[in-house]
Amino acid sequence: YVAFPQARKASLASFLEKRKQRAMNA
Amino acid sequence: ASTADPTKTHHHMISSTSSQLFNQETLQQRLQQLIEGARESWTYAIFWQSSYDYSGASLLGWGDGYYKGDADKAKSKLKTASAAEQEHRKKVLRELNSLISGSASAPDDAVDEEVTDTEWFFLVSMTQSFFVNSGGLPGQAFFSNSPVWVCGPERLANSGCERARQGHVFGLQTMVCIPSANGVVELGSTEVIAQSSDLMNKVRFLFNFN
């Protein structure tokens with residue numbers, strides 16, 4: 001994952017953050 | 001054109017004519033706006049951005065994506081995943097999570113939630129890119145400059161597109177690719193959604209930045 005490109009990193013961060021929110025709201 | 005930076009770019013993606021026009025934050029907002037405001041229930045939206053490989057061949061790669069999930073979570077739940085597969089998904093998610101938040105951060109409970117089929121399909125999409133002339137749905141939409149709307153399990157399974165076939169395996173019932181300036185907007189849903197010009201107009205409005 002070292003070379004995980006910037007655009008994907010940003011997408012991934014937002015995916016994980018929203019996933020956390022969904023888990024808390026469940 | 002942007003300059004290549006091997007530390008930041010994916011293997012064969014060396015240039016992107018449109019990267020300066022698209023700022024990640026606005027892409028994310030536009031994708032979110034597109035499906036959160038829709039009457040239909042879309043599971044995710046992805047923007048595939050056009051670029052070129054070393055030989056000059058046209059290529060679509062990850063631009064950004066917004067995962068909404070399903071109102072009825074049972075729909076996206078583990079139709080295909082065995083216990084071992086679920087463990088694998090969680091392991092990958094834990095690794096990705098420490099990549100993002102740093103390995104020193106506290107363990108995150110949300111990471112240990114089940115990784116649904118559609119979440120996994122979305123995550124795997126981040127690693128994919130398509131040649132425009134390879135016959136897949138995103139390439140087809142971009143190449144012909146016209147939308148491709150595939151709905152119903154049989155049509156997805158038999159569309160001749162590997163991505164659509166995969167989508168079907170992971171529980172999608174509708175996949176749509178709509179061309180825009182510099183790329184393609186793809187939407188997927190676990191429900192059967194009939195074609196609407198409303199959605200296509202919305203994509204044209206939100207994604208034709210030029």
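Order of the sequence lines sets the chain letters (A, B, ...), proteins ahead of strands, with each chain counted from 1.
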Query raised in the report: Rounded to the nearest 0.5 Å, how far does OG of Ser14(A) lie from OH of Tyr67(B)?
Result: 13.0 Å
Query raised in the report: If you measure from CD1 on Ile100(B) to CD on Glu17(A), what distance do you get to the nearest 0.5 Å?
Result: 11.5 Å
Query raised in the report: CG of Asp64(B) to CZ of Phe15(A): how many Å apart, nearest 0.5 Å?
Result: 12.5 Å
Report summary line: Scanning both residues in full, the closest heavy-atom pair of Gly65(B) with Ser11(A) reads N-OG, 4.0 Å
**Report entry** Rounded distance (nearest 0.5 Å) linking atom CZ of Phe122(B) with atom CG of Leu12(A)
**Finding:** 9.0 Å
Query raised in the report: Rounded to the nearest 0.5 Å, how far apart are CD of Glu119(B) and CZ of Arg22(A)?
Result: 5.0 Å
**Report entry** Salt-bridge criterion met for Glu113(B) and Arg19(A) (N-O under 4.0 Å)
**Finding:** no
Report summary line: Rounded to the nearest 0.5 Å, the CG atom of Leu123(B) sits from the CZ atom of Arg8(A) at a distance of 12.5 Å
